[in-house]
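Chain letters run A, B, ... following the sequence lines, proteins first, then strands; residues in each count from 1. If you're wondering where the values come from, they're calculated on a predicted model, not measured in any experiment.
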Number of protein chains: 2
Amino acid sequence: MTSTDHGHTHGEPGAPVRPTRQRRAVAEALASFEDFRSAQEIHARLTERGEKVGLATVYRTLQLLSDGGEIDMLRTEDGEAIYRRCSATHHHHLVCRACGATVEVEGPAVERWTKAIAAEHGYAEIAHTLEVFGTCSSCR
Amino acid sequence: MTSTDHGHTHGEPGAPVRPTRQRRAVAEALASFEDFRSAQEIHARLTERGEKVGLATVYRTLQLLSDGGEIDMLRTEDGEAIYRRCSATHHHHLVCRACGATVEVEGPAVERWTKAIAAEHGYAEIAHTLEVFGTCSSCR
DNA sequence: CTTTTTGCAAATCTTTTGCACTCTA
DNA sequence: TAGAGTGCAAAAGATTTGCAAAAAG
């Protein structure tokens with residue numbers, strides 16, 4: 001409930017994380033997808049591949065990875081959480097609302113604008129979310 | 001599931017909209033708040049003020065207003081929809097994660113960048129969400 | 001053996017819907 | 001009146017949680 005950070009927050013001691021079959025499975029499923037998927041979809045894939053992993057576990061694992069900054073998480077326009085393995089650089093997404101095709105885009109201009117605006121109003125420890133939705137050419 | 005528009009989509013013929021007691025009430029509640037509130041909070045205020053309006057109606061009204069572009073709607077980090085009376089222009093928000101203080105900011109640069117990027121990748125009917133979070137000066 | 005993980009089902013919570021009933025124009 | 005709008009309670013969904021059993025170190 002306080003996982004506000006967009007940046008990575010590794011290194012917290014916490015409790016040891018054990019590499020289990022189900023965690024590996026979730027990681028693999030994540031790796032097998034090109035773009036963002038909901039916990040439900042990930043669980044479905046696992047199931048259809050014969051991997052028996054409880055839905056709750058998928059949620060727990062996804063949350064764990066997300067909190068650790070190891071995967072990207074964003075929200076659909078209707079509030080559903082969707083996840084994806086992420087690259088190292090900070091970027092944003094251009095998502096097709098019909099087929100879900102995602103394009104990663106970088107926006108140095110936006111980053112700069114964000115920092116400037118924030119500083120201008122006296123805000124610190126800036127984080128921002130920016131997602132662009134549209135209909136891709138093949139869905140039109 | 002198709003209330004995708006972020007921009008204003010006024011003028012659709014649709015059905016006539018009747019000014020009722022409950023709609024007025026919701027509008028007033030909205031006006032009484034300085035920043036973003038959830039449907040539940042708005043309903044709570046209505047109730048504590050003695051206005052009898054069903055929760056479902058609050059949701060329906062909020063959705064109506066939001067679809068008509070008459071109020072702003074955005075999502076909390078945990079996926080909850082929050083609303084606020086908004087100004088006419090398209091803008092974004094700089095929100096203090098500690099106290100919730102919101103500053104409306106305009107970003108012509110961002111708008112331009114968004115359209116450009118999208119067009120470049122062949123995406124149409126663009127919509128975007130951009131929220132900036134930070135800690136305001138008085139909360140530091 | 002101790003601690004972390006799971007599974008499952010039950011519980012939450014937000015938001016939506018079905019429907020009979022009440023209003024507005 | 002006819003069509004729009006409302007209240008309630010039930011239905012959906014997405015997540016989360018409690019707890020006893022299973023796995024990891």
Name the nucleic acid region contacted by [X], choosing base, sugar-phosphate or nothing; use a 4.0 angstrom heavy-atom cut-off, strictly under.
{"X": "A:R21", "result": "sugar-phosphate"}
{"X": "A:R23", "result": "sugar-phosphate"}
{"X": "A:Q40", "result": "base"}

Is there a side-chain contact between [X] and the phosphate of [N], meaning an N or O under 4.0 Å from OP1 or OP2?
{"X": "A:T20", "N": "C:dT5", "value": "no"}
{"X": "B:Q63", "N": "C:dT16", "value": "yes"}
{"X": "A:K52", "N": "D:dA22", "value": "no"}
{"X": "A:Y59", "N": "D:dT16", "value": "no"}

task: Return yes if a side-chain donor-acceptor contact under 3.5 Å exists between A:E125 and B:T135, otherwise no.
output: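 Distance-only check passes for A:E125 and B:T135.
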message: Looking only at side-chain N and O atoms, does A:E51 offer a donor or acceptor that is under 3.5 Å from a partner on A:H43?
response: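 There is no such pair between these side chains.
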Output the rounded distance in Å from [atom1] ([X]) to [atom2] ([N]).
{"X": "A:E80", "N": "C:dT14", "atom1": "CD", "atom2": "P", "result": "17 Å"}
{"X": "B:H43", "N": "D:dT6", "atom1": "NE2", "atom2": "C1'", "result": "12 Å"}
{"X": "A:L62", "N": "D:dA14", "atom1": "CG", "atom2": "P", "result": "14 Å"}
{"X": "A:E51", "N": "C:dT6", "atom1": "CD", "atom2": "C1'", "result": "14 Å"}
{"X": "B:L55", "N": "D:dA11", "atom1": "CG", "atom2": "P", "result": "17 Å"}
{"X": "B:Q22", "N": "D:dA4", "atom1": "CD", "atom2": "P", "result": "17 Å"}
{"X": "B:R75", "N": "D:dT15", "atom1": "CZ", "atom2": "P", "result": "11 Å"}
{"X": "A:I82", "N": "D:dA14", "atom1": "CD1", "atom2": "C1'", "result": "14 Å"}

Salt-bridge criterion met for [X] and [Y] (N-O under 4.0 Å):
{"X": "B:E120", "Y": "B:K115", "answer": "no"}
{"X": "B:R85", "Y": "B:E34", "answer": "yes"}
{"X": "B:R21", "Y": "B:E28", "answer": "no"}

- prompt: Nearest nucleotide by nearest heavy atom, which residue falls closer to the 5' end of DNA chain C, B:R60 or B:P19?
  reply: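 It is B:R60 whose nearest nucleotide is closer to the 5' end.
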query: Which residue, A:L64 or B:A56, contacts DNA chain C at a nucleotide closer to its 5' end, judged by nearest heavy atom?
result: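 By nearest-heavy-atom nucleotide position, the 5'-most residue is A:L64.
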task: Would you indicate which nucleotide in C:dT16, C:dT5, C:dT17 comes nearest to any side-chain atom of A:R18?
output: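 Given the options C:dT16, C:dT5, C:dT17, the side chain of A:R18 is closest to C:dT5.
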